[in-house]
Amino acid sequence: MLSTNVKKIEQQSLKIGIFINLLMSVTGLIVFSFTHLQALFLDASFVLVEVISGIIAANVSQVSQKRTKSFPKGLFILEPLYIFFKSILVISLMTVTAWNVSCKAYEYFFNGIGTQIKTIPVLIYSIVMVILGFCLLEVYRHGNAKVNDTSELLFVESKNSLIDVMLSAGIGVVAIFLMFIPEGSPLSFLLYTGDFFITVTLVITFVNQPIGYMKQAVREILGGTITVDAVKQKVYSTVKKNTPSKWKFEKVLVFKAGMHLQVEVHCVPQEAFSISDLNEAAQVIKEGLVSAFKLVDISFVIEFPDYTCYDGKHNI
């Protein structure tokens, strides 16, 4: 039931995000058709990617929790897989747009060919997009707060929305600045190349975010342990507090795939033991972690100490 409720909250936030992103994308493409400003194209395309990826994310969220005979732990691996491919798409979009504005700047500086930027529609567009962007950001953050910030999908979507807000705000700042530059002044070249400077600056500033998400997704896909100290410390302290006295835990491994946390406790029996003790401990540990991480599975790995046994013929 808990897993279902958490995923419903996540899916509702993603669906609202799809609607807002669609509205933003249509607005951006309409204004781009009048201004031909590449920064607007980057912004509108970025939002269009959010629309498509939002639809995919909502479906991934719905499917990832399902457990089958073939996938008894669920399909949570789809979440980092989605984030990995989306990050590649965002990086590619940034690269292509930066290349396009660079080519236009080259044409102006070396061949004197360029189109003056229309500032009024760009400024109006920027204001509208910033307002909608902050609404979208709040939807994702509020939804993630409801699940104790455990949704990786909502976290990444909110960060991408922040990038879009910054893109729109940056475009607006440039539009205002250009309104005060007269034709023929030393800065008049910005009337034709301001698009280049703002786009490249924004790409350089924010490209590290999708690269970081891609690295994290690769770690989760390959089954690497998590690197967040706060999460590891919470898990370690909960395991230590609730492990039966007849057992000594050697190490605790924490794996993450999307919202799903898998805790693997390696322990050694200290005396006569009962497996039921571990089953009870696993349930208590899970209850202690679910309040913080929502979707958690616990498993104990029993490691017996080295010993020699003689059966009359061989040492075992």
Within-4.5 Å side-chain heavy-atom neighbours: [X] and [Y]:
X	Y	value
Ser92	Ile88	yes
Phe206	Met94	yes
Lys256	Val231	no
Phe84	Val218	yes
Tyr213	Val90	no
Phe300	Ile285	yes
Ile91	Met214	yes
Leu153	Val156	no

ask   = Of Thr238, Thr225, Val235, which meets side-chain contact (heavy atoms from CB on, under 4.5 Å) against Val252?
value = Val235

inquiry  = Hydrophobic cluster membership, with links at side-chain heavy-atom distances under 4.5 Å among I/L/V/M/F/W/Y: are Leu253 and Ile77 in one?
reply    = no

key: Shared hydrophobic cluster for Val301 and Val296 (ILVMFWY, side-chain gaps under 4.5 Å)   = no

key: OH/Tyr108: more than 12 non-hydrogen atoms of other groups inside 6.0 Å   = yes

key: Ser13 and His142: CA distance, side-chain angles, deciding distance, side chain to side chain contact (heavy atoms under 4.5 Å, CB included) verdict   = CA-CA 8 Å; Ser13 300; His142 181 68; over 6 Å; no

Between the side chain of [X] and the main-chain N/O of [Y], is any donor-acceptor distance below 3.5 Å?
X	Y	result
Arg219	Ile226	no
Asn242	Ala281	no
Asn144	Tyr140	no

inquiry  = Check this for me, if you would: do Lys86 and Glu157 make a salt bridge, where the nitrogen-to-carboxylate-oxygen distance has to be below 4.0 angstrom?
reply    =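 Yes.
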
key: Criterion side chain to side chain contact (heavy atoms under 4.5 Å, CB included) on Ile181 and Leu178, from CA distance to verdict   = CA-CA 5 Å; Ile181 298 177; Leu178 294 180; 3.9 Å; yes

